[in-house]
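Since the structure comes first, as structure tokens, the remarks are kept for the end.
Numbers restart at 1 for each chain; the letters A, B, ... are given by sequence-line order, proteins then strands.
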There are 2 protein chains.
Amino acid sequence: MKRFWSNIALYGLSLGLLLVSLQFFRYKWIFVRNQTEWYAGAVALVFCIAGIWLGTHWKQQRFKTLPVESNPIQPPSKILEQLGITPREFEVLQLIAQGHSNQEIADQLYVSLNTIKTHISNLFSKLDADRRTQAIKKAKTLGLIP
Amino acid sequence: MKRFWSNIALYGLSLGLLLVSLQFFRYKWIFVRNQTEWYAGAVALVFCIAGIWLGTHWKQQRFKTLPVESNPIQPPSKILEQLGITPREFEVLQLIAQGHSNQEIADQLYVSLNTIKTHISNLFSKLDADRRTQAIKKAKTLGLIP
DNA sequence: ATGTAAATCACCCGAAAGGATGAGCCCAAA
DNA sequence: TTTGGGCTCATCCTTTCGGGTGATTTACAT
């Protein structure tokens with residue numbers, strides 16, 4: 001966390017310096033025609049570049065702090081309850097993670113393919129996923145499946 | 001390549017819209033005191049946000065290799081060699097395991113959707129998998145991915 | 001120089017997956 | 001007894017996946 005706040009401070013300082021220098025240039029160009037346009041253009045340019053810089057570095061920061069994984073191991077049933085995932089849905093989720101197709105899951109659970117589709121659809125909305133691979137990933141990071 | 005150019009167009013369009021709206025606000029606030037300061041502030045804010053967005057989305061081409069998140073540890077390259085999985089294929093495999101769609105992978109790696117499909121097809125035959133979820137499962141049990 | 005492997009891209013086609021919606025059944029709690 | 005949640009199944013439709021085949025370019029080694 002130290003690096004995070006020091007970086008924030010650094011960003012703030014840099015932006016402040018930028019503002020000061022912009023003010024300086026503004027008063028220097030006060031007699032130039034179309035001063036406002038030029039001023040706005042300069043501001044736009046500088047802040048666009050600053051934004052890009054911020055964007056890239058901020059992103060790296062995010063990625064670096066991501067793998068920390070301070071995941072207090074919760075009993076899966078609690079997380080399941082929180083997410084509103086029913087036992088049957090969890091069963092299907094596990095079979096998905098094992099690499100089974102919908103038809104295989106349906107055969108294994110002795111229900112129809114449509115039922116499996118419904119379960120999976122509900123699972124996706126509860127896990128906030130669009131694909132089964134995404135659901136697997138999310139369930140894994142949540143500790144629902146190994 | 002289609003998506004690349006459409007993204008370019010999208011960026012251009014967005015920036016154009018921003019410029020137009022900025023002009024609009026400028027003429028709306030023309031009677032406000034300190035108009036230049038407010039205008040410059042708005043420009044700075046908007047372009048800073050635009051820059052951040054650009055930085056996070058657009059700049060990914062820098063990382064031809066994957067971001068830190070995906071390969072924190074060096075996987076056993078021996079198994080990869082044994083299975084004949086090429087670096088590029090392994091890269092795709094990791095993105096699959098992260099839950100991305102083929103189109104998303106293509107966008108991230110700056111290649112076409114067809115290329116990703118080919119990689120995945122080869123990957124499946126090398127991993128003896130029929131589905132991407134199965135490939136994930138097998139890669140995981142092989143220790144190729146966490 | 002020539003063969004080989006990797007990476008790239010394309011097209012076609014069928015199968016699987018996913019979204020939206022409606023509906024019936026069962027059981028337990030209010 | 002009504003109500004709601006869980007489970008089941010269906011239909012229609014769109015998108016994504018996956019298989020198959022062939023081609024080009026680059027780089028590297030023979």
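For B/Lys138 against B/Leu127, the heavy-atom pair with the smallest separation is CD-O, 3.2 Å. What you find for B/Ile116 and B/Asn102 is that their closest heavy atoms are CG2-O, 4.0 Å.
Between A/Arg131 and D/dT16 there is no side-chain polar atom (N or O) within less than 4.0 angstrom of OP1 or OP2. For C/dA17, the OP1/OP2 oxygens have a side-chain nitrogen or oxygen of A/Asn102 closer than 4.0 Å. Contact annotation: A/Arg132 reaches the phosphate of C/dG18 (side-chain N/O to OP1 or OP2, under 4.0 Å). OP1 or OP2 of D/dC9 has at least one side-chain nitrogen or oxygen of A/Thr115 nearer than 4.0 Å. Residue A/His119 places no side-chain N or O under 4.0 Å from the OP1 or OP2 atom of D/dC7. Not one side-chain nitrogen or oxygen of B/Ser101 sits closer than 4.0 Å to the OP1 or OP2 atom of D/dT16.
Spacing between atom CD1 of B/Ile85 and atom P of C/dA6 amounts to 12 Å, rounded to whole angstrom units. D/dG6 atom C1' lies 10 Å from atom CG of A/Asn122, rounded to whole Å. In this structure, the CD1 atom of A/Ile120 is 14 Å from the C1' atom of D/dT8, given to the nearest Å. Distance, A/Asp130 CG to D/dT16 C1': 12 Å, rounded to whole Å. Summarising the geometry, the separation between CG on B/Leu127 and P on D/dG19 is reported as 12 Å, rounded to the nearest angstrom. Separating the CD atom of A/Gln103 from the C1' atom of D/dC9 is a distance of 14 Å, rounded to the nearest angstrom. The distance between atom CG of B/Leu109 and atom P of C/dT8, rounded to the nearest whole Å, is 8 Å. Rounded to whole angstrom, the span from the CD atom of B/Glu89 across to the C1' atom of C/dA7 amounts to 9 Å.
Looking at heavy atoms from C-beta onward, B/Leu83 lies in side-chain contact with B/Leu142 at the 4.5 angstrom threshold.
Inspection of the B/Thr115 and B/Ser112 side chains reveals an N or O donor paired with an N or O acceptor under 3.5 Å.
Within the nucleic acid shown, A/Ser112 comes within 4.0 Å of sugar-phosphate atoms alone, with no base atom in reach, counting heavy atoms only. When heavy atoms are screened at a 4.0 angstrom cut-off, A/Asn114 is found touching base atoms of the nucleic acid.
Place B/Leu113 and B/Gly84 on DNA chain C by their nearest nucleotides, and B/Gly84 ends up nearer the 5' end.
If you check distances only, the side chain of A/Thr86 never reaches the base of D/dC7 with a donor-acceptor pair under 3.5 Å. Donor-acceptor pairing under 3.5 Å, judged by distance alone, is present between the side chain of B/Thr118 and the base of C/dC9.
Of the options B/Lys126, B/Gln94, B/His119, a side-chain hydrogen bond (donor to acceptor under 3.5 Å, both in side chains) to B/Glu89 is made by B/Lys126 and by none of the others.
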